[in-house]
Amino acid sequence: MRQTFIGLMVTVAVAATMAAQGPARTKVMLLDGESGGPYHKWQLTTPLIKKALEETGKFDVTVVTAPAVTGVLTDFRPDFAAFKAVVFNYDAPDERWPEPLRAAFEQYVSAGGGVVIVHAADNAFSGWKAWNDMIGVGGWRGRTVASGPYWYYKDDKLVKDTADGPGASHGRRTPYAIKTRAADHPVMKGLPATWMHQGDELYAHLRGPGTNMTVLATAFADPANNGTDRDEPILMASTFGKGRTFHTVLGHDIVGMSCVGFVVTLQRATEWVATGAVTQKVPTSFPTATTVSYRADLAALDPNYARGLNSLDAK
Ligand SMILES: [Zn+2]
């Protein structure tokens, strides 16, 4: 009897400990430390991304900040293998990552590591073949027709345009409609067919190999706002070896990132690249085909917004 009682006590104690800890969280690295210009304020947006991921209860996020250098990152060797996914809030030129660092990252992804590319991270490393295979398409930093075809949708069909032309563009930051193109993909399942995104840049003329790439969503780039008159890729999923990658062009700044659509697709995609499945429900606050929906608590991470200024005017 006494033994049974002690056994029961131990069982209760173990159960209580497990409930307090919850299920094990997936370890995610959030990489920042450099961007192509002062308008990409990674110091402001990293806390937003960290908060958005950790509030799901599914991720344990470690911020890794690459040292600020103008040449080669010789002493930077993050332990990629300690994480199930690496989220890039980071944009650097080709010369920044030496071959051993590139090789370590390629090995990590091809062995099954997950990658999330946020907005200007698709500007990075225009001449690194494996990186461009991972992101599918990218823009700026000297990208030309030699970087790969220009991918877009026309008449609801994916076009791979090999003609010469620009290697990136965007118009003014305005709200725009996002159209789902792969409704059965785990990241997209349950999302509306069309939803309005907060004021943000709409990247266009992106070029790249598109290796193993699935375009999950597009947005129409309005010619009245320097647009291409085409539906441009906005959310992409690719594979690299055994690794999964997700690429969102959304998220120029806090305003764009405070969109519930940005947050939810980031949360779901991070789970997908890390585990291959998505268990998160789509919140009822998700934007609709006619209305934007944003998180005031996240928008308040921008000092301009907190002071009542519209950061659309403050590049
Ligand atoms: Zn931007």
Side-chain angles (χ1 to χ4, degrees), residues 30-50 52 65-66 87-94 96 115-126 131-132 135-143 147 150-152 166-178 196-208 217-222 225-228 230-236 246-259 261-263 265-266 269 292 294-295 298-299 301-305 309-315:
L30 173 49
L31 180 61
D32 69 8
E34 183 168 359
S35 66
Y39 38 86
H40 289 140
K41 297 182 173 66
W42 54 266
Q43 297 94 335
L44 287 183
T45 52
T46 281
L48 185 153
I49 294 171
K50 188 174 196 294
T65 300
V87 178
F88 278 78
N89 188 25
Y90 178 81
D91 163 27
D94 272 318
R96 194 72 75 241
V115 183
V116 175
I117 295 100
V118 177
H119 190 65
D122 80 12
N123 300 185
F125 308 129
S126 53
W131 174 258
N132 286 293
I135 69 175
V137 290
W140 293 276
R141 291 203 185 277
R143 282 176 172 84
S147 309
Y150 162 34
W151 299 77
Y152 58 87
S169 64
H170 66 73
R172 281 177 294 107
R173 279 168 274 155
T174 59
Y176 52 83
I178 294 180
M196 288 301 295
H197 178 49
Q198 276 274 80
D200 203 345
E201 291 172 347
L202 199 172
Y203 275 9
H205 287 124
L206 298 185
R207 292 180 173 277
T218 60
F220 179 69
D222 189 344
N225 182 18
N226 195 36
T228 56
R230 298 179 176 118
D231 294 298
E232 300 288 340
I234 297 294
L235 307 177
M236 282 71 72
F246 172 80
H247 174 180
T248 175
V249 306
L250 307 178
H252 170 78
D253 59 8
I254 294 275
V255 172
M257 287 190 182
S258 65
C259 170
F262 170 83
V263 170
T265 49
L266 176 81
V292 299
Y294 76 100
R295 292 264 304 266
L298 298 180
L301 294 171
D302 183 343
N304 285 333
Y305 179 90
L309 300 174
N310 183 351
S311 73
L312 291 179
D313 302 325
K315 178 145 185 168

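All of these numbers come straight from a predicted model, not from anything done at the bench. All ligand and atom numbering here is 1-based and tracks the order in the structure.
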Query - Short N/O/S contact of His252 with the Zn ion (ligand 1) (below 2.8 Å) - result: yes

Report task. May I ask you to check whether Asp91 and Ser35 show a side-chain donor-acceptor distance below 3.5 Å? Result -> no

Query raised in the report: With respect to Asn89, which candidate in Thr65, Leu31, Ile49 satisfies the side-chain contact (heavy atoms from CB on, under 4.5 Å) definition?
Result: Ile49

Report task. Show the numbers, then the answer: is there a side-chain contact (heavy atoms from CB on, under 4.5 Å) between Cys259 and Val292? Result -> CA-CA 7 Å; Cys259 170; Val292 299; over 6 Å; no

Query raised in the report: Any side-chain donor-acceptor pair under 3.5 Å between His119 and Tyr203?
Result: yes

Requested in this report: Look at the N, O or S atoms of Glu201, main chain and side chain alike, and state whether any lies under 2.8 Å from the Zn ion (ligand 1).
Outcome: yes

Query raised in the report: What does the angle at the Zn ion (ligand 1) come to, between atom NE2 of His119 and atom NE2 of His40, rounded to 10°?
Result: 100°

